[in-house]
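The structure appears right after this line, and notes come after that.
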Protein chains: 2
Amino acid sequence: MTKMSDVAKLAQVSTATVSRVLQKPETVKEETKQKVLEVIKKLDYQPNILARNFRRLETKTILVVMPSILNNVFSQIIVGIDYEATKSGYQVILGNTMQDEQRALGLINHLKQKQVDGMILLTARLDMNELVKISKEYSVVLVSDFLENKNVLPTIAIDNMKESYRITEHLIKLGHTKIAHISGPLDMSMSRDRLSGYQKALMDHNLPIEYGYLEKGDYSFQSGYDSMLSLMDLKCPPTAVVAASDRMAMGAVKAAKKKGVQVPNHIAIVGFDDIEFSKLFEPALTTVAQPFFEMGKKAMSILQQQIAGEQINNDIILLKSELKIRESCGFNLK
Amino acid sequence: MTKMSDVAKLAQVSTATVSRVLQKPETVKEETKQKVLEVIKKLDYQPNILARNFRRLETKTILVVMPSILNNVFSQIIVGIDYEATKSGYQVILGNTMQDEQRALGLINHLKQKQVDGMILLTARLDMNELVKISKEYSVVLVSDFLENKNVLPTIAIDNMKESYRITEHLIKLGHTKIAHISGPLDMSMSRDRLSGYQKALMDHNLPIEYGYLEKGDYSFQSGYDSMLSLMDLKCPPTAVVAASDRMAMGAVKAAKKKGVQVPNHIAIVGFDDIEFSKLFEPALTTVAQPFFEMGKKAMSILQQQIAGEQINNDIILLKSELKIRESCGFNLK
DNA sequence: TTGAAAGCGCTAACAT
DNA sequence: ATGTTAGCGCTTTCAA
């Protein structure tokens with residue numbers, strides 16, 4: 001392996017000068033610089049990044065922690081992160097927690113061991129105390145999810161409550177009065193916000209909040225399916241369902257079809273997220289499109305500011321999302 | 001930051017001993033080991049991985065190169081890779097080529113700069129000469145795709161030809177004689193193999209190979225849609241279609257529906273890959289399920305052998321895939 | 001504008 | 001079983 005000293009020798013300069021040519025070319029005389037550059041080319045010299053990282057105590061690498069990469073929602077955010085990271089020479093390491101506390105802790109250790117310069121969390125389902133602790137010492141950003149204690153981490157997300165309100169209101173305006181909700185796990189801030197948005201919309205339009213219309217899911221297809229089955233078993237089943245995720249909405253639609261209930265003719269069902277297959281699904285899902293790519297980009301850029309030592313407020317940055325009206329919500333009832 | 005010498009001092013041993021406790025605990029006397037371990041705990045010492053990497057000239061990191069992480073096929077393989085990697089303390093870095101030659105070259109440079117110990121390719125659409133060159137010097141494994149020159153890289157995949165043959169034959173046995181094929185880009189080995197399997201099945205059953213029944217797609221939904229439109233415009237349209245990917249099959253189904261042609265009643269359509277939504281799709285797609293997780297795992301384990309310096313044959317390892325018969329192929333015509 | 005030289009923290013060969 | 005010691009290749013301070 002060619003090293004810097006080889007280049008230095010052949011170019012008849014010191015290693016310091018070679019290093020300068022690479023780091024701060026403007027501090028080297030044009031002539032010297034050219035000579036060094038020539039030798040670098042000739043020897044096909046590649047600086048040893050390991051040595052550089054060690055010396056600088058930085059890795060130009062960041063860690064993305066998520067429950068599972070199989071979820072298209074996360075891959076989309078990652079694309080945004082990767083896009084921004086690549087622009088400034090950062091690398092992205094994957095951290096699948098697989099919902100396992102131990103694995104998550106192991107991941108966080110990477111930060112402590114300085115194996116990465118910073119970390120982007122795609123989930124807040126982690127040890128809270130640990131999180132508060134490391135967020136003080138290291139660069140960490142949270143995306144899409146929320147922490148119970150606000151102001152601990154910079155957070156990039158959408159206004160879940162507002163969007164949930166909006167899509168529920170859309171159903172109300174279509175003439176629905178019996179609207180159910182299939183929520184995500186209620187230990188997640190995000191799920192509670194979506195639930196609140198749904199409830200607030202009902203209240204603002206003087207509609208009662210039926211306890212029986214509240215189903216708890218876990219964002220999975222199966223939970224949407226099961227919830228819908230329960231809902232249809234009610235004496236007075238709803239005519240519309242607001243699911244907190246597209247997967248659950250799809251599960252709900254499948255359950256309805258299974259029972260011979262047509263969507264949207266007999267029942268309107270809407271989702272949340274706008275994952276790739278929502279528009280292919282039949283009926284195409286009415287849903288809230290999250291700006292995943294932008295969220296990832298923004299998160300990475302905030303993280304870089306943190307890494308660069310800039311003072312960051314632990315603000316919550318809300319990005320705009322969009323209501324996608326497709327087929328599954330149906331049309332005006334009258 | 002606590003360093004090894006701090007631990008050594010407090011434990012009244014040399015740094016070498018501390019290092020041994022961490023690397024080869026069995027070579028240290030139990031008593032000494034305990035003492036050192038105590039001090040490590042007390043000082044909350046974390047070894048500086050950057051220094052270690054530098055010293056050892058290894059990173060315990062591997063790079064996965066793929067066109068796009070948004071494709072569920074790739075994420076599934078990555079889960080397998082990650083699973084195996086984590087077991088042995090390896091980290092996985094993402095390399096999105098975004099189909100861009102320059103980005104791909106930049107990624108390959110990571111290897112040369114020793115930023116990663118090895119590389120797993122999820123696509124063979126890269127500079128061939130460059131690939132041959134680096135495969136001699138570095139640890140590289142190819143998954144799912146194939147190289148023109150065999151025996152350049154260890155390759156993990158399925159027998160595309162055989163599987164394509166099998167699914168085509170399934171349609172023949174159902175009574176179809178007019179079977180079309182929507183292929184992937186024919187500059188990919190994988191696409192050609194799937195095409196050959198389809199053709200061979202026809203020939204073996206004395207069915208003619210109609211030139212008009214060959215549509216070239218690019219594995220995308222849209223290309224499947226467009227191809228199907230062309231197929232339906234034929235004077236004598238096929239009664240069955242073998243698509244080289246589920247996405248294209250879905251596109252084809254949508255095109256058929258659009259034209260009022262029912263699947264599978266009027267036309268049978270089958271796919272390839274078994275992506276997540278294939279079973280949710282209506283009709284549920286008959287397809288070939290690739291063992292993505294296993295492929296990723298296997299690739300990582302071969303890569304580790306290479307990294308460990310074991311002599312590796314550049315063999316092609318074919319994993320078993322499974323024919324998933326669902327709704328889109330229909331039943332026996334008679 | 002350039003060079004000399006001191007490390008960064010760890011590992012491992014060698015010595016004891 | 002443990003210690004001594006020489007670097008790994010680079011960056012950067014200080015001096016010239």
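Letters go in sequence order (proteins before strands), and every chain restarts at 1.
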Between C1' of D/dC10 and CZ of A/R55, the distance in whole Å: 7 Å

DNA chain D: 5'-proximal contact among B/L57 and B/T32 (nearest heavy atom): B/T32

Whole-Å gap separating C1' (C/dC10) and NZ (B/K24): 13 Å

Whichever of B/N48 and B/R20 has its nearest DNA chain C nucleotide further upstream toward 5': B/N48

Short side-chain N/O contact to C/dT11 OP1/OP2 from B/S19, under 4.0 Å: yes

Side-chain N,O (B/Q23) to OP1/OP2 (C/dT11) below 4.0 Å: yes

Test: A/K133 and A/E130 ion pair at under 4.0 Å: yes

Between D/dT11 (C1') and A/E58 (CD): distance, integer Å: 12 Å

B/E30/B/K33 ion pair, N-O < 4.0 Å: yes

Per-pair stack call A/F54 and D/dC10, 5.5 Å, 30°: no

Donor-acceptor under 3.5 Å (B/D117 side chain, B/T59 main chain): yes

Between D/dT11 (P) and A/L22 (CG): distance, integer Å: 7 Å

Under 4.0 angstrom between A/K3 side-chain N/O and D/dG9 OP1 or OP2: yes

SB check A/R125 A/D187 (cutoff 4.0 Å): yes

Interatomic distance where CD belongs to A/Q34 and C1' belongs to C/dT2 [whole Å]: 17 Å

B/T17 vs D/dG3: side-chain N/O to OP1/OP2 distance below 4.0 Å: yes

Closest to side chain of B/V28, choosing from C/dT2, C/dC10, D/dT2: D/dT2

Sugar-phosphate, base or nothing in reach of B/V13, heavy atoms under 4.0 Å: sugar-phosphate

More than 12 heavy atoms from other groups under 6.0 Å of OH on A/Y83: no

Sugar-phosphate only, base, or nothing, as touched by A/R56 at under 4.0 Å among non-hydrogen atoms: sugar-phosphate

Which nucleotide in C/dT11, D/dC10, C/dC10 has an atom nearest any side-chain atom of B/T15: C/dT11

Interatomic distance where CD1 belongs to B/I49 and P belongs to C/dT11 [whole Å]: 8 Å

Separation of D/dG9 C1' from B/K114 NZ (nearest whole Å): 13 Å

C/dC10 phosphate, OP1 or OP2, under 4.0 Å from B/Y45 side-chain N/O: yes

Rounded interatomic separation in angstrom, taking NZ from A/K33 and C1' from C/dT2: 15 Å

